[in-house]
Structure formats: structure tokens, C-alpha cells
Participant: 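The structure under discussion is supplied below as C-alpha cells; questions concerning it will follow.
Every chain is numbered from 1 and lettered A, B, ... according to where its sequence line falls, protein lines coming before strand lines.
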Number of protein chains: 2
Amino acid sequence: MSKYKVLKNIQKHITLTKNEKEYVLTLFGHQKIEKKTFILKQGLLCQKLFFVEGGSLRAYFLDEEGRESTIMFAVEDWWITDMDSFVNKKPTLLFIEALESCDIMSIKHSDLEELFIKMPKFERFFRILFQNAYIREQSRALQNISLTTKERYHNFISNYPAIVEKVSQKQIASYLGVTPEFLSSIK
Amino acid sequence: MSKYKVLKNIQKHITLTKNEKEYVLTLFGHQKIEKKTFILKQGLLCQKLFFVEGGSLRAYFLDEEGRESTIMFAVEDWWITDMDSFVNKKPTLLFIEALESCDIMSIKHSDLEELFIKMPKFERFFRILFQNAYIREQSRALQNISLTTKERYHNFISNYPAIVEKVSQKQIASYLGVTPEFLSSIK
DNA sequence: AACTGCTCTTAAACTATCTTAATATTTTTT
DNA sequence: AAAAAATATTAAGATAGTTTAAGAGCAGTT
């Protein structure tokens with residue numbers, strides 16, 4: 001029985017033997033980070049895929065005028081990275097910052113490729129992971145273009161109560177794409 | 001050498017032997033549909049994943065007030081379905097309509113599952129497909145919350161020139177989440 | 001050729017959202 | 001515990017986007 005939640009997360013979709021679990025863990029690194037530190041900064045190449053064992057993080061875009069747009073939050077048991085930078089090896093536009101102190105597992109791109117080759121069932125695991133991620137993002141895009149800010153705010157707090165507990169209203173506003181002042185006014 | 005583009009599309013990411021191609025084709029149906037006909041209607045269960053051999057389609061949400069929000073367009077060589085309905089077997093919110101007469105390949109959910117079991121390399125194919133779809137949708141979500149309508153319009157026409165040729169401005173407006181009148185005014 | 005329906009454009013009045021700024025409240029640092 | 005910094009609220013004036021309506025341009029019928 002491993003102490004790492006990442007193995008349990010993986011076993012939501014595929015099964016692993018004891019030996020397989022041990023092998024998988026050799027490819028992941030474990031890391032603790034402090035609140036307000038970054039695991040990714042705009043301009044760099046995103047080298048790792050992260051899994052949150054504990055704590056919470058936020059991925060956001062910072063534009064020239066200093067405006068932040070939050071792309072995603074990640075709490076315990078979630079995966080996070082800049083997938084476009086990680087997969088396509090292009091400089092990232094994002095910052096990923098710890099909202100509190102975190103326990104993080106991470107895997108390098110080359111080790112993930114090795115995993116796909118040595119254990120093809122991981123193709124299935126990530127197929128399902130990306131399938132769900134795609135469905136969520138498509139739903140977000142639909143809500144962005146079809147609902148009012150008020151409706152989107154209420155959907156957010158009812159869909160992601162675990163996130164709402166950990167983040168500021170300013171950050172929720174930046175996820176919804178409105179100013180904190182406006183979000184405050186519609187409550 | 002098959003006449004079906006779907007096999008060439010699949011071979012962008014995995015390789016197939018002659019026998020494998022033949023087997024794959026036994027699981028796909030081929031269908032021609034007329035302009036303005038539907039392959040999916042709001043309220044139904046989405047039973048199939050579609051691939052566009054030729055022609056173009058549009059997936060949109062229609063709300064109670066009669067407003068349309070376009071979720072995606074699909075042109076030749078694209079895959080389209082309501083993934084949430086297809087995967088999670090829930091009633092769809094979407095219509096998918098042919099913008100012109102189309103040649104369509106489709107696979108039922110149970111046959112796709114068979115394909116995953118008999119030919120696990122399809123897990124890899126769809127892992128990559130969903131990975132790219134997720135990256136695109138995340139980028140769309142970021143643009144929706146961080147850019148002006150004018151910027152999003154120009155990004156759209158430069159990113160999807162093949163789509164722009166086939167669709168009306170009204171439909172582009174519904175993809176961007178603004179009224180046709182406003183889109184007309186910013187040009 | 002006339003009719004119908006649909007798209008596109010323009011404009012005026014209205015509503016949603018932003019900007020700025022001031023104040024209050026909460027959180028973090030010392 | 002006090003001081004400093006960040007967040008939240010409120011309000012006034014500005015900008016972005018919608019609504020409604022009317023007319024012009026096209027494509028498909030009849």
C-alpha cells in the first residue's frame with residue numbers, strides 16, 4: 001500500500017500490479033513546495049506533468065497590461081501542467097503558482113514517453129484523462145459564450161466547491177473573465 | 001489503397017497493416033447526408049463518433065430563447081460528436097447540422113470499445129486526438145476570457161481559414177459568443 | 001420576373017461590464 | 001499587537017455589447 005495518491009488516481013481507470021506500481025514510482029519525482037512559489041513561469045519550457053498529492057495551485061496567463069486570466073485551478077488528486085508547452089515543446093504563456101504549501105508528484109516528458117512504450121495501458125489511462133479534460137473544457141467554452149456572468153459564477157461554485165474553499169474572489173473573477181469589482185457587484 | 005480518408009487520418013499517429021485497415025473499416029459505417037440535415041438533435045443520446053470525409057458541419061447549442069451558440073465546426077478530415085453525450089451516455093444539448101452535403105464515416109460506442117480491446121494502439125490514437133482537442137479547447141477558453149471580441153475574431157479567421165470559407169458571419173458570431181450585429185460593427 | 005426568406009449592415013436606445021478611485025475588511029508580515 | 005499589504009465593496013463615469021428596427025443585397029422558389 002503506497003503512500004502516494006497518484007497510484008490510486010491511476011487505478012481509477014487501469015489496474016496495476018505491485019511491480020508495475022514500483023516501476024511507475026521510479027519515473028515520478030516527489031517534491032514539496034511552499035505557498036506562493038512557482039512550478040512554471042511564463043517564457044520557460046514546461047518540462048513536467050504534475051499531480052497534486054496535497055495542497056492547491058493555480059495556472060494563469062499574465063498579459064502586457066498586468067491582467068491575470070486564470071486557466072485552471074488544481075487541488076488534491078488533480079493533474080496540472082501547460083499541456084501545449086509540455087507536449088509541443090513551446091515556451092509557455094503561463095504561471096503555475098502554489099496557493100498553499102503543496103505535495104507534488106511530477107514526471108518528465110521523456111519518462112512519460114518511456115511509460116507509454118513500456119506500459120501501453122498508460123495510453124488508455126491518459127486517453128480517458130484527456131477525454132474528460134476535453135469534455136470539461138468544451139463545456140467551459142459553451143458556458144463562456146452562452147451564459148451570463150452571474151450564471152457562470154453560480155455554476156462554478158456548485159461544480160467546484162473544493163476549489164471555492166481555497167481561492168479568493170479575485171481569482172474566481174479571473175477564471176470567469178470579469179473584474180473582481182464586477183463579480184463583487186453581482187452577488 | 002482505401003478510398004476512405006479516415007484511415008489516412010488514423011495513420012497520422014499510428015500505423016496499420018492492410019488487414020488491420022480492413023478490420024477497422026468493418027466497424028465504421030459510411031453515410032451521405034444532405035445540406036441542412038442533422039446527424040444529432042438536442043435531447044437524443046449521441047450514439048456515434050463521426051469523421052468528415054467531405055463537406056462541413058456545425059455543432060450548436062440552442063437555448064430556450066432561441067439563441068444559438070456554436071460549439072464547433074467540422075470540415076473535411078475532422079472528427080466531430082458530442083463527446084459528453086457519447087462517452088457518458090447522457091442526452092445531448094446539441095444539434096449537429098450539415099452546412100453542405102457531406103460524406104460521413106461513423107462508429108458506434110460499442111464498436112469503439114471493441115476496437116480499444118482488439119487493437120490497443122487505438123488507445124494511443126485517441127489519446128493523441130483528445131490531447132490535441134484539450135489543448136485547443138483550453139486555448140479557446142483562455143482567449144474567451146482574456147481577449148476582446150475583435151482580437152478573437154481575427155484569431156479565428158487566421159487560425160481556421162478553411163472554416164471561414166464555408167460558414168456565414170452569423171455562425172462565426174455565434175461561435176465567438178456575440179450577436180451578428182455587433183460582429184458586423186467591429187469590422 | 002416576382003416572391004420569399006435569409007444574411008448583412010447601420011443606427012439609436014438600452015444593458016452589461018470596465019475603469020478608476022475611495023473606503024472597509026481581511027490576511028500577512030514585522 | 002501593530003503595521004503593511006492584499007482583498008473586497010461601493011459608486012460614478014466610460015466603453016463594449018445587445019436589442020430592436022429598418023433597408024439593402026443575395027439565393028432559392030414558383
Participant: Check for me whether the distance between the ring centres of B:F73 and B:Y175 falls short of 6.0 Å.
Facilitator: yes

Participant: Can you list, by residue number, the residues of residues 138-157 of chain A that have a non-hydrogen atom closer than 4.0 angstrom to DNA chain C?
Facilitator: A:T149

Participant: Throw together a table of side-chain donor-acceptor distances under 3.5 angstrom for residues 178-187 of chain B, partners on residues two or more places apart or in other chains.
Facilitator:
residue, atom, partner, partner atom, Å
B:T179, OG1, B:F182, N, 3.2
B:S185, OG, B:F182, O, 2.7
B:K187, NZ, B:Q169, OE1, 2.1

Participant: For A:Q131, give me all partners under side-chain hydrogen bond (donor to acceptor under 3.5 Å, both in side chains), at least two apart in sequence or on another chain.
Facilitator: A:R127

Participant: For a quick test of reading the model, state the closest non-hydrogen atom pair linking B:M72 to B:W79 and the distance between them.
Facilitator: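 Scanning both residues completely, I find the closest heavy atoms to be CE-O, 3.7 Å.
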
Participant: To the nearest 10°, let me know how far the axis at one end of the helix from C:dA1-D:dT30 to C:dT30-D:dA1 is tilted from the axis at the other, five pairs an end.
Facilitator: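 Roughly 50°, once rounded to the nearest ten degrees.
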
Participant: Tell me, please, the opening and closing nucleotides of DNA chain C, 5' to 3', among those with an atom under 4.0 angstrom from a non-hydrogen atom of chain B.
Facilitator: C:dT7 to C:dT10

Participant: Along nucleotides 23-30 of chain D, 5' to 3', which nucleotides get a B, which get an S, and which get a -, given that the test is a protein heavy-atom distance under 4.0 Å?
Facilitator: --------

Participant: Donor-acceptor pair, B:K121 side chain versus B:T15 backbone, under 3.5 Å?
Facilitator: yes

Participant: Connecting only ILVMFWY residues whose side-chain heavy atoms lie within less than 4.5 Å of each other, what is the rest of A:L147's hydrophobic cluster?
Facilitator: none

Participant: Who are the ring-ring contact (aromatic ring centres under 6.0 Å, His included) partners of A:Y4, not counting sequence neighbours?
Facilitator: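 Per chain and number, A:Y4 pairs via ring-ring contact (aromatic ring centres under 6.0 Å, His included) with A:H30.
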
Participant: Using the ring of each side chain (for Trp, its six-membered ring), is B:Y60 parallel, tilted or perpendicular to B:F95, with breaks at 30° and 60°?
Facilitator: parallel

Participant: I would like to know whether B:F122 and B:F116 meet ring pair (Phe, Tyr, Trp, His ring centres under 6.0 Å); could you show each step before the answer?
Facilitator: CA-CA 6 Å; B:F122 270 86; B:F116 285 139; 7.5 Å; no

Participant: Within residues 56-64 of chain A, find the residues that approach DNA chain D with a heavy atom at under 4.0 Å, and present them sorted by residue number.
Facilitator: none

Participant: For the CG atom of B:L94 and the CD atom of A:Q138, what is their distance to the nearest 0.5 Å?
Facilitator: 7.5 Å

Participant: Test: side-chain hydrogen bond (donor to acceptor under 3.5 Å, both in side chains). Region: residues 141-152 of chain B. Which pairs qualify, not counting sequence neighbours?
Facilitator: B:Q143-B:N155, B:N144-B:R152, B:T148-B:E151

Participant: Could you tell me if B:S174 and B:T70 have a donor-acceptor pair between their side chains, going purely by distance under 3.5 Å?
Facilitator: yes

Participant: Start with the C-alpha gap between A:L25 and A:L7, add the side-chain angles, then the distance that decides, and say whether side-chain contact (heavy atoms from CB on, under 4.5 Å) holds.
Facilitator: CA-CA 8 Å; A:L25 284 183; A:L7 292 177; 3.8 Å; yes

Participant: Is it true that a side-chain atom of B:E20 and a backbone atom of B:T17 form a donor plus acceptor pair closer than 3.5 Å?
Facilitator: yes

Participant: Under the ring-ring contact (aromatic ring centres under 6.0 Å, His included) test, which residues partner A:F50, sequence neighbours left out?
Facilitator: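 A:F50 satisfies ring-ring contact (aromatic ring centres under 6.0 Å, His included) with no other residue.
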
Participant: For A:D103, is there any backbone N or O sitting under 3.5 Å from a side-chain donor or acceptor partner on A:E53?
Facilitator: no

Participant: At a heavy-atom distance below 4.0 Å, what parts of residues 174-187 of chain A sit against DNA chain C?
Facilitator: A:G177, A:V178, A:T179, A:E181, A:F182

Participant: Output, in order, the C-alpha distance, side-chain angles, deciding distance and verdict of ring pair (Phe, Tyr, Trp, His ring centres under 6.0 Å) for B:F130 and A:F126.
Facilitator: CA-CA 9 Å; B:F130 285 126; A:F126 282 101; over 10 Å; no

